[in-house]
Amino acid sequence: MTDILVLAPLVIALATGALTLVVRRWPRVQRVTSVAGVLAYASAVAAIAWTVVFRPDATALGYQVGGWQAPFGITLVADALAAFMLVLTAVVALYAVAFSVLFIDLDNQRVYYHPLFQFMLLGMTGAFLTGDLFNLFVWFEVMLMSSYVFVAFYGNATHTAAAVRYVVLNTVGSVLMLLAIGGLYATLGTLNMADMAVQLADPSLDGAPVVGFTGLLLATFALKAGLVPFQFWVPSAYQAAPLPVSAVLAGAAKKVGIYAIVRVYFTVFSGASVTTTVPFVPVESPLAYLAPVLLVMGIASTLLGGLGAVSRDRIEGVLAYSSLGQVGFIAIPIAIAAGTSSASLRHLGILAALIYAFHHALAKGLLFLAAGAIRDAAGTTAMAELGGLGERSQLFSVTVLVGSLSLVGIPPLTGFFGKLLVFEVGAAQYAETPTAGSAALIGVLLAGAVLTIVYMTRVWVGGFWGSQTARVETATVDPRQVGLLATLAALVVLVGIGFDPLYRFAEAAATAAIDTDAYVDIVRMGGEP
């Protein structure tokens, strides 16, 4: 009976979205409903994480919707990897929706803000739980349809242009994904990911077409994650959307693309082999194809995002380009994991990427919300018009400092452990293949770390140090917003100090990502009466 727990986050998000539409005539009730719904969602996610990872007899959960046995029905799977991403999403969403109540204009909240927020959360949740490739596409679209509206939320020319770029690029990505899904179905006759993994493990299967179709999937997933060269939508969309939504887009929605890369490539396609020559692709498996392509994307994202963040003059601009650079730190260890034949290094690479993703969700979510508090207080986030904010609220200053130091990677905050593990993966790869390229990769990681120090120092010095500007002299920081952000900053500190549970959680998630046999068994158990 615990299998039905897999449905709980989906049902809660869907029901809350519908309820916020029903009660829109009563704004206070609508706001309470939205926050209470995300609290219930977080409770359901916590129950899944306990059942799947932390309970003494922990076991992954599989559920066949409507009782239709896999591979013919819709399969939902909650293993350690899905649970890890759900927890990350729940934390960011809870703080974002609570901050939205304090930050977003009441009339805008009443119209459509809260229903769209819930449906965006629904799309992310479905993407993490689905066991079917076509339904992964469906949940992507549910998430994107809500985020399209959020990017155009304020309706002026700049925001509309950002929304158009966002829609066009993601529509192209959706078309590519549908082409890949159709090709894979024509090749394998199934889209159930567990069933696909079983068929791909057959050595008699010609994997050459699969490599080509996974290339289309990689382009789609990289677009969702905002990796170079598909990054064009990221800075403008993050700056156009309401800042609480930007916190969700950067902290959680971007991770849907990363999750899809890990799940599809490592769980589903890792057992495939290429028995014929693929033109211009001298590889033997989809993973071997993924490694160099994703590595180049990760390196380019780290450098381009860092350099772009250094040159921005508004705080949300710095954070938007920073998100591009930070996703490179997630992609690089995944690429190393894909390219190695060492089981331990593969596990370490995914582990490092997951911990860095969790750190980034907390720190970047905190900083985007803090940017909202700054805009509310001073009416701007332009660093030239800020200065001396530290004198207006010491607690707020400490809160932003915690987020900044975590992003930089100062111990004992979560960012320190994330960066340490990423560098450990780079060093392990150099030890395995001591080449100039491996050494250069460590240099790229160092450059990315230095750039992070530079642009976060600019934010801190430009916003909180120095003499007060005219805007800051009249600024009033909302104590409710500061109190909420202070609890998130405390969470960043506590997770860093008590790092072991997060490490064990990520370790279980990394194991689930590469244990294809266990994933197949989960789906089979889900089909039993």
- Item | Distance-minimising heavy-atom pair for A252 and L88 | CA-CD2, 4.0 Å

- Taking Y259 for its side chain and F128 for its backbone only, find out whether a donor-acceptor pair lies under 3.5 Å. yes

- Query: Rounded to the nearest 0.5 Å, what separation is found between the CZ atom of F358 and the CG atom of L502?
  - Reply: 5.5 Å

- Message: For S322 and Y455, which I'm curious about, is there any donor-acceptor pair between the side chains at under 3.5 Å?
- Response: yes

- Query: Should F232 and L169 be marked as a side-chain contact (heavy atoms from CB on, under 4.5 Å) after you check the CA-CA gap, both sets of side-chain angles, and the distance that decides it?
  - Reply: CA-CA 8 Å; F232 299 104; L169 285 170; 4.0 Å; yes

- Note on the structure: Here the gap from L21 atom CG to L116 atom CG, rounded to the nearest 0.5 Å, amounts to 8.0 Å

- Could you tell me whether M383 atom CE has more than 12 heavy atoms of other residues or ligands within 6.0 Å of it? yes

- Does the R110 side chain pair with the main chain of R24, one donor and one acceptor, at a distance under 3.5 Å? yes

- Message: Among V91, L81, T125, which residue satisfies the side chain to side chain contact (heavy atoms under 4.5 Å, CB included) criterion with L86?
- Response: T125

- Do you know which two heavy atoms are closest between T16 and G37, and how far apart they sit? OG1-CA, 3.4 Å

- Message: If you take the centroid of each ring, where Trp contributes its six-membered ring, are H359 and Y356 closer together than 6.0 Å?
- Response: yes

- Message: For a 4.5 angstrom cut-off between non-hydrogen side-chain atoms, does L249 reach K254?
- Response: no

- Item | Separation between CZ of R263 and OG1 of T130, rounded to the nearest 0.5 Å | 10.5 Å

- Query: Just how far is it from atom CD of Q481 to atom CZ of F103, taken to the nearest 0.5 Å?
  - Reply: 7.5 Å

- Query: So, S406 side chain and V402 main chain: donor-acceptor pair closer than 3.5 Å or not?
  - Reply: no

- Do F119 and L14 have side chains that get closer than 4.5 Å, going by heavy atoms? yes

- Query: Does R312 offer a backbone N or O that forms a donor-acceptor pair with the side chain of R458 under 3.5 Å?
  - Reply: yes

- Task: Using the side chain to side chain donor-acceptor pair (under 3.5 Å) rule, take Q239 and T158 through it: C-alpha gap first, then chi angles, then the decisive distance, then the call.
- Result: CA-CA 10 Å; Q239 294 177 78; T158 301; over 6 Å; no

- Rounded to the nearest 0.5 Å, how far apart are CG of L491 and OH of Y95? 5.5 Å

- Do V264 and L218 come within less than 4.5 Å of each other through their side chains, counting heavy atoms only? no

- Assert yes or no for the condition that the ring centre distance of F54 to F505 is strictly below 6.0 Å. yes

- Task: First locate atom CD1 of I104, then atom CG of D376, and finally report the distance between them rounded to the nearest 0.5 Å.
- Result: 9.0 Å

- Item | Any side-chain heavy-atom pair of Q326 and K364 under 4.5 Å | yes

- Does some side-chain heavy atom of T381 sit less than 4.5 Å from a side-chain heavy atom of R375? yes

- G173 and L223 have their tightest heavy-atom pair at CA-CD2, 3.7 Å

- Item | Sub-4.5 Å side-chain heavy-atom contact between V400 and L366 | no

- Dump the intermediate steps for side-chain contact (heavy atoms from CB on, under 4.5 Å) on F499 and I355, then the final yes or no. CA-CA 10 Å; F499 180 67; I355 288 179; 3.6 Å; yes

- Message: Is it the case that the side chains of T20 and T33 hold a donor-acceptor pair, with the cut-off being a distance below 3.5 Å and no angle test?
- Response: no

- Parallel, tilted or perpendicular, as decided by the 30° and 60° cut-offs, for the rings of F368 and Y238: perpendicular

- Task: Taking side-chain hydrogen bond (donor to acceptor under 3.5 Å, both in side chains) as the test, write out the residues that go with R504, two or more places apart.
- Result: D500

- Donor-acceptor pair, S301 side chain versus V327 backbone, under 3.5 Å? no

- Of all the heavy-atom pairs spanning G257 and K224, show the shortest one and how long it is. CA-CB, 4.0 Å

- Minimum heavy-atom distance A241-S246, with the two atoms named: O-OG, 3.5 Å

- Message: Parallel, tilted or perpendicular, judged at 30° and 60°: which one describes the rings of F150 and F153?
- Response: tilted

- Closest heavy-atom pair, G349 versus A337, reported as atoms and distance to 0.1 Å, is CA-CB, 4.1 Å

- Check step by step if side-chain contact (heavy atoms from CB on, under 4.5 Å) holds for F137 and S174. CA-CA 8 Å; F137 165 80; S174 298; 3.8 Å; yes

- Task: State, without any angle test, whether S34 and Q118 hold a side-chain donor-acceptor pair at a distance under 3.5 Å.
- Result: yes

- Looking at F329, is K419 sitting on its ring face, NZ or CZ under 6.0 Å from the six-membered ring centre and within 45 degrees of the normal? yes

- Report yes or no: does K255 contribute a side-chain atom to a donor-acceptor pair with the main-chain N or O of G251 at less than 3.5 Å? yes

- Task: Starting from the C-alpha separation in whole Å, work towards a yes-or-no answer on side-chain contact (heavy atoms from CB on, under 4.5 Å) for T89 and Y41.
- Result: CA-CA 10 Å; T89 301; Y41 173 90; 4.2 Å; yes

- Is any side-chain heavy atom of I374 closer than 4.5 Å to a side-chain heavy atom of V477? no

- Query: Under 4.5 Å between any side-chain heavy atoms of M120 and M145, yes or no?
  - Reply: no

